[in-house]
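Input: a single structure, listed below in structure tokens.
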Amino acid sequence: MPHSRFLGTGLAVPDRVVTNDELSRLMDTTDEWIRTRTGIQERRWVTEGETGVEMGRKATERALDMAGLAPADLDAIVYATSSPDHFAPGNGVYLQRVLGIATIPALDVRAQCSGFIYALSVADAWIRTGQFRNVLVVGSEIQSTGLELSTAGRHVAVIFADGAGAVVLGPGNEDGSGILAFDLHSEGAHAEKLWVDAPGSMYHPRVSHQQIDAGKQYLEMDGREVFRHAVVRMPESVRAVLSAAGQRVEELKLLLAHQANLRISEVVQKDLGLRDDQVYNNITRYGNTTAATIPILLDECVRAGRLRRGDLVVMTAFGSGFMWGSAAVRW
Ligand code: UT7
């Protein structure tokens with residue numbers, strides 16, 4: 001079956017820049033703590049009225065432009081988000097609507113930080129089996145509206161941020177470029193180590209005043225535990241996906257690792273024995289944008305000329321679920 005390959009990439013982030021100093025006025029934290037523990041210098045947060053779908057649309061238009069395609073050329077949408085604009089329906093159908101595309105399928109994927117890798121695997125399978133030709137894959141998140149902006153929530157609030165990235169995938173050609181392999185995993189035993197408890201359909205009503213008063217609507221994380229698993233699972237998955245693709249770590253041109261904490265990325269780099277020129281990080285400017293981090297990294301690298309046709313690139317992510325995975329790509 002033919003590989004699917006990348007036809008275009010795009011990103012969109014809110015204009016509003018939130019500095020560490022701004023956060024230190026909302027909670028007991030400092031620029032120094034945030035920089036040394038996470039690497040983050042600033043992040044983007046939406047202002048009222050901005051939506052995940054709207055960021056997804058902007059990223060999509062840039063990706064379509066690079067691909068030389070119009071919205072009408074798309075045959076399906078896979079939309080990764082853990083922070084949809086509404087409980088239901090998913091963001092995919094809203095994106096379809098604002099793009100003005102008729103009745104193509106639009107699927108939401110909820111796999112949190114690993115959402116883009118999972119979404120990519122669905123799109124790739126659709127293309128390989130010949131079911132759809134040009135598939136849009138989006139990772140878009142608004143985390144800032146689900147953060148507890150006080151000292152009680154500081155271990156989470158200083159990390160997470162908003163943004164979107166999109167890629168257009170299409171059938172590969174004879175040059176062998178495209179997606180080579182995936183490695184996907186989850187381990188539900190750790191579901192509550194990074195989660196949002198409410199609203200939830202197991203509650204009557206789905207969210208109560210008591211739950212809101214207790215802060216159950218906020219993203220909650222056991223940071224140390226997530227860190228401990230992330231630094232093991234990402235290198236393990238990178239090795240597995242390279243092995244499935246019949247490639248070696250030494251052949252890697254670029255590793256694009258989920259941007260959760262610069263210290264995690266540094267441990268992963270060291271574990272894999274990669275030089276600085278084999279990795280690319282942008283967490284300093286964007287923070288952790290969950291499902292959007294990988295397509296944002298990808299778009300920046302493509303536009304900066306860091307990735308050229310024929311290069312071997314691996315994308316890897318780890319996050320809530322726990323869910324993790326990697327994709328190996330011949331660019
Ligand atoms: O995207 C999905 C995956 N997410 C991740 O991969 C995140 C993984 N985890 C992490 O990145 C880190 O665990 C954090 C950055 C969240 C926290 O860093 P840490 O070095 O693990 O800190 P800690 O939770 O062990 O806390 C150390 C101290 C505590 O104070 P005490 O108990 O030692 O007095 C915290 O209360 O740092 C305190 N602390 C803060 N201090 C200032 C926690 N957050 C902050 C803060 N500012 N924002």
Side-chain angles (χ1 to χ4, degrees), residues 33-34 36-40 43 80-83 109-121 139 141 143 146-148 153-161 181-197 218-244 249 252 255-274 278-284 286-297 314-328:
W33 192 96
I34 301 171
T36 51
R37 298 285 181 130
T38 73
I40 299 168
R43 78 283 290 140
T81 187
S82 60
S83 53
V109 168
R110 290 185 60 181
Q112 301 71 248
C113 296
S114 307
F116 183 76
I117 303 283
Y118 272 76
L120 208 56
S121 75
E141 301 273 9
Q143 296 296 353
L147 301 175
E148 187 171 10
R154 64 183 179 176
H155 60 297
V156 179
V158 300
I159 294 176
F160 287 92
F182 285 97
D183 175 67
L184 300 172
H185 302 275
S186 61
E187 194 177 17
H190 303 288
E192 288 81 18
K193 291 193 175 122
L194 178 46
W195 73 320
V196 183
D197 185 3
Y218 296 127
L219 188 60
E220 182 46 35
M221 174 171 74
D222 180 341
R224 280 188 193 190
E225 274 294 288
V226 178
F227 194 112
R228 200 168 66 78
H229 287 261
V231 294
V232 173
R233 293 307 193 183
M234 281 197 281
E236 192 177 86
S237 180
V238 171
R239 288 191 175 94
V241 85
L242 282 169
S243 164
V249 174
L252 253 188
L255 175 73
L256 300 178
H258 174 59
Q259 302 288 288
N261 182 328
L262 191 59
R263 286 163 53 219
I264 294 179
S265 301
E266 286 166 354
V267 177
V268 171
Q269 177 185 348
K270 195 163 171 234
D271 186 307
L272 291 166
L274 298 174
Q278 289 173 292
V279 299
Y280 178 76
N281 297 306
N282 61 13
I283 191 168
T284 50
Y286 295 132
N288 178 349
T289 57
T290 345
T293 75
I294 301 241
I296 290 176
L297 286 168
V314 167
M315 307 164 207
T316 188
F318 178 92
S320 164
F322 292 149
M323 297 180 83
W324 67 98
S326 305

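Annotation: ring pair (Phe, Tyr, Trp, His ring centres under 6.0 Å) contacts of Phe116 (sequence neighbours excluded): none. Annotation: salt bridge (Lys or Arg N to Asp or Glu O under 4.0 Å) contacts of Glu236 (sequence neighbours excluded): Arg233. Residues that satisfy the side chain to side chain donor-acceptor pair (under 3.5 Å) test with Asp183, not counting sequence neighbours, are His185, Ser237. Evaluation of the salt bridge (Lys or Arg N to Asp or Glu O under 4.0 Å) rule for Asp222 yields no partner, not counting sequence neighbours. By the side chain to side chain donor-acceptor pair (under 3.5 Å) test, Thr38 is found to be paired with no residue, residues two or more places apart in sequence or in another chain being considered. Partners of His155 under the ring pair (Phe, Tyr, Trp, His ring centres under 6.0 Å) rule, at least two apart in sequence or in another chain, do not exist in this structure. In terms of the side chain to side chain donor-acceptor pair (under 3.5 Å) criterion, residue partners of Glu225 (sequence neighbours excluded) are, by chain and number, Arg228. Under the side-chain contact (heavy atoms from CB on, under 4.5 Å) criterion, Tyr218 pairs with Glu148, sequence neighbours left out. For Tyr118, the ring pair (Phe, Tyr, Trp, His ring centres under 6.0 Å) criterion is met by no residue, not counting sequence neighbours. For Asp197, the side chain to side chain donor-acceptor pair (under 3.5 Å) partners are Tyr203, not counting sequence neighbours. In this structure, the side-chain contact (heavy atoms from CB on, under 4.5 Å) partners of Val267, at least two apart in sequence or on a different chain, are Val231. With sequence neighbours excluded, the residues forming a side-chain contact (heavy atoms from CB on, under 4.5 Å) with Leu219 are Gln143, Leu147, Val156, Phe160, Leu194, Val196, listed by chain and number.
Taking the side chain as every heavy atom from C-beta outward, Val314 and Leu252 approach each other to under 4.5 Å. Counting heavy atoms from C-beta on, the side chains of Gln278 and Leu272 never come closer than 4.5 Å. In this structure, Phe227 and Arg263 have side chains that are in contact, with non-hydrogen atoms separated by less than 4.5 Å. The closest side-chain heavy-atom distance from Ser121 to Leu184 is below 4.5 Å. The closest side-chain heavy-atom distance from Asn288 to Thr293 is below 4.5 Å.
Without hydrogens or angle criteria, Gln269 side chain to Leu274 main chain gives a donor-acceptor distance under 3.5 Å.
Taking every heavy atom of both residues into account, Ala327 and Phe182 meet most closely at CB-CE2, 3.6 Å. The nearest pair of heavy atoms linking Leu120 to Met315 is CD2-SD, 4.2 Å. Looking at every heavy atom in both residues, Ala119 comes nearest to Ala80 through CB-CB, 4.0 Å. The nearest pair of heavy atoms linking His258 to Phe318 is CD2-O, 3.4 Å. Across all non-hydrogen atoms, the minimal contact from Ser114 to Gly319 is OG-N, 3.9 Å. Considering all non-hydrogen atoms of both residues, Ala181 and Val241 come closest at O-CG2, 3.4 Å.
Residues Gln259 and Thr289 bring no donor and acceptor atom of their side chains to less than 3.5 Å of each other.
Classification of the His229-Phe322 ring pair by plane angle, with boundaries at 30° and 60°, yields tilted.
Distance check, rounded to the nearest 0.5 Å: OG of Ser265 to NZ of Lys270 gives 14.5 Å. Rounded to the nearest 0.5 Å, atoms CD1 (Ile117) and CE (Met323) are 11.5 Å apart.
By the neighbour-count criterion of 12 heavy atoms within 6.0 Å, atom CZ of Arg239 is densely surrounded, having more than that number from other residues, nucleotides or ligands.
Among Leu297, Thr316, Val249, Asn281, the one residue that satisfies the side-chain contact (heavy atoms from CB on, under 4.5 Å) test with Leu255 is Thr316.
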